[in-house]
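For reference, the structure discussed in these notes is given below.
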Amino acid sequence: MNVLDFAHSFFGDPAHWHGYDGIPTRLVEHITYSLEALLLAAVIALPVGLVTGHYGRGGNALALIATAGRALPSFGLLVLMFIWLGFGLVPVMIPLVVLAVPPILVTTYEAMRSVDPSPVDAARGMGMSEARVLFQVEVPVALPLILSGLRTAAIQIISTATIAAYVSLGGLGRYIIDGLYQRDYEKVVGGATLVAALALATLALFWAASRLAVSRGVRGSA
Amino acid sequence: MNGFFDLPSDLQHSYLGLVGLHLREALLPVLAGLLVALPIAQLCARFRWIYPPVLGLTTVLYSIPSLAFFVVLIDYFGQSETTVMIPLAVYSLVVLVPGIVDGVRSVPRETLAAAEAMGFGPLRRYLQVQLPIAAPAIIAGLRVAVVSSLSLVSVGMLIGNQGALGNMLYDANTYHRPALAVNSVLTTAVLGILADALLVLLRRLLTPWMPRKGATR
Amino acid sequence: MFGVLIRIDAVTKRYPDGTVAVDRLSLDIPDRAITVLVGPSGCGKTTTLRMINRMVEPTEGSILLDGADIRQQPVNSLRRSMGYVIQNAGLFQHRTILDNIATVPRLLGWSKPKARGRAAELMERVGLDTSLAKRYPYQLSGGQQQRVGVARALAADPPVLLMDEPFSAVDPVVRKGLQDELLRIQDELGKTIVFVTHDIDEAIKLGTMVAVLRTGGRLAQFAPPAELLSEPADTFVEDFLGADRGIRRLSFFPSDELPLQTGPLVRLDADAAQRTARSDAPYLLVTDADGRPLGWAEPDRPLDRERLLDHGRPFRPGADSLRTALDGAVLSPTGWAVAVDGDGRAVGVVSQQVIGEAIRAAHGRAGAGVKAAR
């Protein structure tokens, strides 16, 4: 049997389509964890990245934090938090947020730094307030890069959220962990396929969002 | 009662032994990924139409969870180091290719034309012009690949204790010894930060021609 | 002739590292005229400009706008009352041309339709086709972008326009077009313009008053361009003006008092008798039936349209300066310059020698004028 056969029999089994261990339930769980983690990470990293990028200060400190965040192993952090905090969503959220903050932080900072300084100078010269300069001049131009940072973070979260199953939570990781213990490769392949599909759907969503949100003038000149 | 670095005997390794194992399991795949990524990136830079499909394929590969990747490979390579290292090599490849392509493409057309006019053959041009100018991009890719590889090795614990430092996590959970988990997480993080710093140093050495950040007022 | 709108009073800008960008500079910037700040790089000209809209705060001294210290009003409302044009225009790449120009009116709270209507009006004023309104900056040439930059600065009809090397990044032909356009717009609108450049020719062409600054941010000379050329304050200004300031100064002398000779003018269809009647002139200027110059001929030869000598570039008495007239004479193989009217019809010719006498007379008058003014 090869990978395609596993996937075929997994998705062909009607038992996998309903109930608490059905695909819809697991998919919703997975999306919920991922969205929560992404939102948390964005709430932490976006303002910091925007403000440090706007003023052009603290880039080195940011790079240090980002490196440290990347170096912390997600799986290890999950197990450690599980031992310390016990069963629950928090031990899962911590490693996912730690994973997602560095790409958002660094990309947002870089995006703000890469904005051509002369329109910013012109905007100040015209009498725009700092907040206006930030949101009406810099962010629209930096948006494609900022979105790419969020996209990278989202893909990593979706892929890594599978480890939540190791500490007895749900999500698509359930199929992979259970499949591993039960030697049920059908389940593992099915779960992996679903995670990959979810990641691709996320990519498509980000692509659509950037089509909608990024000005034609920015896209054209890129 | 237990020293921080005293490990349970079922780990079958000393602390430093685990560190060595961890480095090998993480870095060999990055090296393999780099060796495969260089020619692929060169092809993508030369024949532009190859790049979009390659980028699409690498994105799909990147979105497969490491754990699933490991489990599927057990069928072919058993619960072995190879099973852990193949996915890590694939992830490294995926991270490195776009960076190298952008780096190679960033070489100005005039520079290449000048090299050609001075009689550089294709191989010499690649080794002496394109690769050095792409070096910062390659190293930037390597930094991400190395750090994420070091982090992912730990997951190998789930497939028959092939996770090097990650294996301490199993014992930490089973014997309820949080110190072991702290040790595992911190050691991995320190390895990552050190590797990252070494790569930054390497870039400084390789690219004395790059303007230093903050040199301008 | 002009009132003072902006008074720069003993202003110094010192940076924390000790560098002095501007050193006790005092300047009275006249109302409704173009004042050019010119000097080598590092002379503090841009810093001075940016202190006027408080993009840079002076370390010492003060700047008065219409008699009031600029620090008395909120910084953003001050900036909104001054147009600001910079090199490469600094357009917002994510906004259309029309919305770029409408920026300050929108900041001032105008409704969108009103601001856009005003923007469309300004596109015409700066010589941009309104079909470009929905384009984005990257779709425009450098010269067009710079016109958008000027239109954007004028959008809220500010009394003051600050221009920081606005035309330095475009090629010479486009730059000349932009300079002429600025002079035309200034004729119509009469703004108080402070213009920074490192190009002395641009300063002399555009400035009503020119302030020459030297490295270290000190004022070397503040004078109208003609006076600058005739009476440079010191060797620094003299060197900065360049070797040919004598020739350039001629740009400020009018050509309408040149005595023109009409004797050598003949039509192509003139017969031999008409030509010999003019044989006292060394050359004849041959014109077509409408009187437009065709070229020079020798009087004792039969007229042959194919064998005429080139007549060079003609000048228009009144509109052109002595410099243009002299240029025409120097470039002509006969040593004579051709004068034409607004329709291009020849009205007379003048020799290099006569132009030389006119220059000497003009210098005498200007010298007396400058001395009398002191």
Side-chain angles (χ1 to χ4, degrees), chain A residues 46 49-50 53-58 107-150 206-222, chain C residues 46 49-50 52-56 73-108 134-140 145-146 148-150 152-156 158 160-166 169:
Chain A
L46 272 184
L50 287 177
H54 174 76
Y55 290 107
R57 298 222 180 101
T107 327
T108 306
Y109 177 81
E110 292 294 337
M112 296 294 288
R113 296 310 296 152
S114 69
V115 173
D116 179 2
S118 72
V120 176
D121 185 62
R124 288 209 180 99
M126 283 188 288
M128 280 194 185
S129 62
E130 287 303 303
R132 268 217 169 85
V133 171
L134 179 65
F135 288 108
Q136 292 191 3
V137 180
E138 291 177 303
V139 169
V141 176
L143 197 57
L145 260 180
I146 296 178
L147 281 175
S148 85
L150 285 169
F206 270 95
W207 179 81
S210 78
R211 293 298 288 186
L212 285 177
V214 176
S215 156
R216 222 151 46 81
V218 177
R219 263 185 278 143
S221 56
Chain C
T46 293
L49 185 86
R50 289 165 71 94
I52 297 175
N53 70 355
R54 292 182 64 191
M55 305 274 279
V56 172
Q73 63 169 314
V75 62
N76 283 337
S77 77
L78 175 82
R79 288 177 186 169
R80 286 169 204 176
S81 71
M82 295 182 175
Y84 184 55
V85 190
I86 56 177
Q87 197 178 345
N88 295 318
L91 300 182
F92 303 145
Q93 60 175 78
H94 59 294
R95 291 192 183 167
T96 62
I97 300 309
L98 202 66
D99 287 339
N100 259 288
I101 301 174
T103 307
V104 178
R106 294 285 291 149
L107 282 175
L108 292 170
K134 293 279 172 231
R135 301 270 182 93
Y136 286 94
Y138 76 94
Q139 296 167 307
L140 268 56
Q145 293 192 16
Q146 206 51 258
V148 176
V150 173
R152 185 173 66 175
L154 289 170
V160 177
L161 212 54
L162 306 178
M163 308 183 82
D164 188 4
E165 307 226 10

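Here is how names work: the chains are called A, B, and so on, in the same order as the sequence lines, proteins then strands, and each is numbered from 1.
Neither the backbone nor the side chain of S81(C) comes within contact range of chain A; no heavy atoms are under 4.5 Å apart. Interface residue I86(C): only side-chain heavy atoms are found under 4.5 Å from chain A. Contact of D121(A) with chain C is made through backbone and side chain together, with heavy-atom distances under 4.5 Å.
Here the straight-line distance linking atom OH of Y138(C) with atom CZ of R216(A) works out to 6.5 Å at 0.5 Å rounding. Considering CG of N76(C) and CZ of R132(A), their distance stands at 9.0 Å, rounded to 0.5 Å.
Considering every non-hydrogen atom in both A122(A) and G90(C), the closest pair reads CB-O, 3.6 Å. Between Y136(C) and S215(A), the shortest heavy-atom distance links the atoms CE2-OG, 3.5 Å.
Residues passing the side chain to side chain donor-acceptor pair (under 3.5 Å) test with R54(C), sequence neighbours excluded: E57(C). With sequence neighbours excluded, the residues that form a side-chain contact (heavy atoms from CB on, under 4.5 Å) with P144(A) are V214(A), V218(A). Residues satisfying the side-chain contact (heavy atoms from CB on, under 4.5 Å) test with Y109(A), not counting sequence neighbours, are T52(A), L62(A), R113(A).
Among residues 123-131 of chain A, the residues having any heavy atom closer than 4.5 Å to a heavy atom of chain C are, in sequence order, A123(A), R124(A), G125(A), M126(A), G127(A), M128(A), S129(A).
Annotation: maximal heavy-atom pairing with chain A below 4.5 Å, among L107(C), V104(C), N53(C), V85(C), occurs at L107(C). If you tally non-hydrogen atom pairs under 4.5 Å between each of M82(C), R50(C), Q87(C), R135(C) and chain A, the highest count goes to R50(C).
In this structure, L143(A) and H94(C) have side chains that are not in contact, with every pair of non-hydrogen atoms separated by 4.5 Å or more.
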